[in-house]
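Just so it is clear, the values below take in all heavy atoms, side chains as well, and ignore hydrogens, waters and symmetry mates. Residue numbers start from 1 in every chain, and the chains themselves are labelled A, B, ... in the order their sequence lines are given, proteins ahead of strands.
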4 protein chains.
Amino acid sequence: MHQSRVPVHPSRRGRTRSEAARAAILQATRDELIANGYDKLSVDRIAAAAGAGKQTVYRWYPAKSALVADCIIGGYLLADFAEVPDSGDVRLDLRNWVRAFAGYSGQPGTSPVLRAAAAAAAESDEVAARMYEHVTSVAEAALSDRLRAAGHAGQLPDGSPVATLLSQAIIGAVLYRILTRLPLTADFADALVNSVCGGSQPPAASAQLAPGPAGR
Amino acid sequence: MHQSRVPVHPSRRGRTRSEAARAAILQATRDELIANGYDKLSVDRIAAAAGAGKQTVYRWYPAKSALVADCIIGGYLLADFAEVPDSGDVRLDLRNWVRAFAGYSGQPGTSPVLRAAAAAAAESDEVAARMYEHVTSVAEAALSDRLRAAGHAGQLPDGSPVATLLSQAIIGAVLYRILTRLPLTADFADALVNSVCGGSQPPAASAQLAPGPAGR
Amino acid sequence: MHQSRVPVHPSRRGRTRSEAARAAILQATRDELIANGYDKLSVDRIAAAAGAGKQTVYRWYPAKSALVADCIIGGYLLADFAEVPDSGDVRLDLRNWVRAFAGYSGQPGTSPVLRAAAAAAAESDEVAARMYEHVTSVAEAALSDRLRAAGHAGQLPDGSPVATLLSQAIIGAVLYRILTRLPLTADFADALVNSVCGGSQPPAASAQLAPGPAGR
Amino acid sequence: MHQSRVPVHPSRRGRTRSEAARAAILQATRDELIANGYDKLSVDRIAAAAGAGKQTVYRWYPAKSALVADCIIGGYLLADFAEVPDSGDVRLDLRNWVRAFAGYSGQPGTSPVLRAAAAAAAESDEVAARMYEHVTSVAEAALSDRLRAAGHAGQLPDGSPVATLLSQAIIGAVLYRILTRLPLTADFADALVNSVCGGSQPPAASAQLAPGPAGR
DNA sequence: GAATAATCGAGACGGTACGTCTTGTCTTACT
DNA sequence: AGTAAGACAAGACGTACCGTCTCGATTATTC
């Protein structure tokens, strides 16, 4: 997948590429995505909305799917969930992370874009790889690191595979609910963390948590 | 979503709709899906391969996504994972279920189709609802029932929400690995179940863990 | 071209064919022709408008073009111009014939149908043959007979070829003006007859005729 | 003194339209027309044969009938019959003109195209107007001019209407024979001119009519 | 009368073409 | 060289129509 945002030679012959055009294109892509969804995306419409020529779009991105991938990767779609703070209480931290994501996904226009990301990943191996590399694996690693630390601290079963698989289970559950249109509520966040981390949860720590009934 | 396989009035006026044509269309869709993937699906090609006219395709299905949905729902794509046998050992049963799915997804042509299902669900609310209703919610319920039984048996934390969320976490983890192209191996199956069900602790430890948590 | 209006065996087994249906089909064809023109003709619409099934249409007529041909031949389109009365004055008789045709073609809905006849003849050799046989050759013969009689009477140059060619010239001129949308007025009728019969016109006879300025 | 130059295309922005593509489309249309006739014309086939996209066809021509019209107007179909030479003998000149047309129409592939022109004109008012403007009215005017000159020379009845109507009668007779599939022979050409221009009357009769010297 | 058979309206069928839309490339003139 | 505009080849879309086939229902004739 082509990606050369920074010119190799800062001063080269001819007109310099317009970052403004690129930003406008990504913004227009996001708008189109929210308005029409992934399958109705039209490069013509994006270019027109961005006030750019089609060639400019294709100069930056080799294909529509790459454009969508960059739109997501470039932070135009997903806020940063690469950080899982360590407060000492892993369940609290995970809960907050999932709650943050749930809150983010509840903002208008966000769900269509997340589903577009899923659709793009489903359709193209390259996009999937690129998106995994820059987005999901980052979140997965952040969760995994936090879980590993918790394992060392005795809050959870120790071991790298467990941390990795739990991370994937958490992200997967979120993904599943996005695709099935099940709501991502704060209650869901709590219940999810309680469930997947609940097996070895010390009763004391359990008491600390607000149980809040899980939405379906 | 259009769906009228069973005539409401057994004595319709015109020629009866050909179930054979419908079956041929679904079969051709499956073949196309395996060969080219969801985004390259062509109704022209499907109709030609099925020996059907395009109008016949559109008489049965209003859009490509609905066709794919019916292809999956109709059992043309997903073998039956609606059953989770109860051997008494929930971890064993879940492991076997995930292993079976992993093995199924490893068959040639299956992954593209599963990704197509994800893409179709991502693109259309209606298809997502229809697919959830007939496919994923069925698997989810099967897993959930088994987990609930395990909760009653004291093998896992009790409570309906826990069973539901663990089911979604398991399905979600599988979905996540399908979309990210991470391999679904038997080892993955084992590690996933161990992780979300509280590690591979011996039955004694298991008994230790589940004294009946705080409610639900 | 298939044509079996009269059953070979007046009493055969089974239900008798409905002449009412056939008449309704021709009437609906005429209406469609006037409303939409020849190229927009739809057998589906004709059948629906006639309250008939498509098969009934195709039981009577092998194809759309044959239907149009029969519609015209059967008198649903063209009134009878097979008669050229003989008053003794050939110019007067021709003038009246052309005037009658001009008047007929000026009736609402007639021109589209005449043009449809031309289009049908242009597109199909069979239809052209059938239409020539039943319609134009009849008119041509009627004109030709009258002209031949005039030749014998010394009013025009004698000879069969002259009569035939003049007939074709008269019909052709009318056809030309229909296709080019030039108006068919009474003045045109007079001027046409004066022009093509004018070469050997005795001055006395000329004075008898109202010259009336020819519309273009 | 400055002469402000106005470019024909005052700086159009995008790629210039390809006249080559247009020519290829017209050529392919002509070939299709000869091969299959007007009603079997397929824009898909034309585009494929021209090596052009369908959109390019529709960018130039709004509909099939307009394409056919341009094909004819552009000289791809009708050789030039806009000239009627003046040898002094009007019957000779007309005879030659009709003979030339008869010869042209006898060439293989010409008749289907002429009938297509008639069908296109019959089906569309716009096409009829366009075709009359560029093709038939030109021929009509050429004949008319020659006839008017003959009128002034005393070879025929004088008067503009007579010239016009005779022209229309000649073209109409030719059109009639094309649509009815009657052959256009040299004999027909001679007989037609003789008939509409007052028969093959002997020079004496001719002298009677035309006081001016008829000869050369 | 009962059986048989051709017709009827209705409408699905396999095909073909339509005219539109979209993709990714290419070609203009302008900056 | 980069840019906005937009034409280009290719090909899928969803609709319309053709002429055929198949329904259940409706007349007729023949047994």
Side-chain angles (χ1 to χ4, degrees), chain A residues 7 12-18 20-21 40-45 47-48 50-59 61-64, chain B residues 9-18 20-22 40-48 50-60 62-64, chain C residues 7 9 11-18 20-21 40-48 50-59 61-64, chain D residues 7 9-18 20-21 40-48 50-64:
Chain A
R12 50 178 168 168
R13 270 172 46 157
R15 188 169 173 177
T16 42
R17 290 219 225 162
S18 161
K40 300 272 177 59
L41 262 194
S42 155
V43 177
D44 286 80
R45 266 198 303 274
K54 273 175 73 174
Q55 195 57 257
T56 304
V57 176
Y58 282 101
R59 197 172 293 117
Y61 307 101
K64 189 168 70 168
Chain B
H9 300 295
S11 66
R12 292 223 287 112
R13 253 317 251 259
R15 182 175 177 173
T16 41
R17 293 229 232 160
S18 162
R22 188 171 160 272
K40 300 273 178 56
L41 264 192
S42 155
V43 177
D44 286 80
R45 267 198 302 274
I46 288 172
K54 275 174 75 170
Q55 197 63 255
T56 303
V57 177
Y58 284 103
R59 198 173 290 119
W60 285 102
K64 193 166 69 167
Chain C
H9 300 294
S11 65
R12 54 179 164 164
R13 239 155 98 143
R15 187 170 175 173
T16 39
R17 289 223 221 160
S18 161
K40 300 271 178 58
L41 260 196
S42 154
V43 176
D44 286 79
R45 265 199 304 273
I46 289 172
K54 275 175 74 172
Q55 194 61 257
T56 304
V57 176
Y58 283 101
R59 199 172 291 117
Y61 307 101
K64 191 168 70 166
Chain D
H9 300 296
S11 72
R12 287 229 290 114
R13 261 307 255 248
R15 182 174 177 173
T16 39
R17 291 230 232 161
S18 162
K40 299 273 178 59
L41 261 194
S42 155
V43 177
D44 286 79
R45 267 198 303 273
I46 289 171
K54 276 173 75 171
Q55 196 62 255
T56 303
V57 176
Y58 284 103
R59 197 174 291 118
W60 285 102
Y61 305 101
K64 194 165 68 168

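Not a single donor-acceptor contact under 3.5 angstrom links the side-chain atoms of Arg13(D) to the base of dT28(E). Side-chain N/O atoms of Arg15(B) and base N/O atoms of dC13(E) include no donor-acceptor pair closer than 3.5 Å. Evaluation of atom-type donor-acceptor distances gives no pair under 3.5 Å for the side chain of Gln55(B) against the base of dA12(E). Scanning atom types as modelled, no donor and acceptor separated by under 3.5 angstrom connect the side chain of Lys54(C) and the base of dG9(E).
In this structure, the NZ atom of Lys40(D) is 18 Å from the P atom of dG15(E), given to the nearest Å. Look at CZ on Arg45(D): it is 19 Å from P on dA9(F), rounded to the nearest Å. Rounded to whole angstrom, the span from the CZ atom of Arg17(D) across to the C1' atom of dC26(E) amounts to 17 Å. Rounded to whole Å, the distance from CG on Asp44(C) to C1' on dG19(F) is 10 Å.
Here NZ of Lys64(C) is found 7.5 Å from OG of Ser42(C). Values are rounded to the nearest 0.5 Å.
Among residues two or more places apart in sequence or in another chain, the side-chain hydrogen bond (donor to acceptor under 3.5 Å, both in side chains) test is passed with Lys54(B) by Asp44(B). For Thr16(D), there are no side-chain contact (heavy atoms from CB on, under 4.5 Å) partners at least two apart in sequence or on another chain.
The phosphate of dG11(F) has neither OP1 nor OP2 within less than 4.0 Å of any side-chain N or O from Ser42(B). Within the 4.0 Å cut-off from OP1 or OP2 of dG9(E), at least one side-chain nitrogen or oxygen of Thr56(C) is found. Regarding contacts with the backbone of dT7(E), every side-chain N or O of Thr16(C) stays at 4.0 angstrom or more from both OP1 and OP2. Here Lys64(C) does not reach the OP1 or OP2 of dG19(F): none of its side-chain N or O atoms lies under 4.0 Å away.
Nearest-nucleotide positions on DNA chain E for Gly14(D) and Gly53(B) put Gly53(B) closer to the 5' end. Each of Ala48(C) and Ala47(B) was matched to the nucleotide of DNA chain E holding its nearest heavy atom; the match closer to the 5' end belongs to Ala48(C). Nearer the 5' end of DNA chain F, as judged by each residue's closest nucleotide, is the contact made by Gly51(A), out of Gly51(A) and Ala52(D).
Checking side-chain atoms of Arg59(B) against main-chain N and O of Arg17(B) turns up no donor-acceptor pair under 3.5 Å.
Ile46(C) comes within 4.0 angstrom of nothing in the nucleic acid, heavy atoms only. Arg59(D) comes within 4.0 angstrom of a nucleotide base, judged by non-hydrogen atoms across all strands.
Minimum heavy-atom separation, Ser18(D) to Ala21(D): OG-N, 2.9 Å.
You'll find that the side chain of Tyr58(D) is closest to dC18(E), out of dC13(F), dC18(F), dC18(E).
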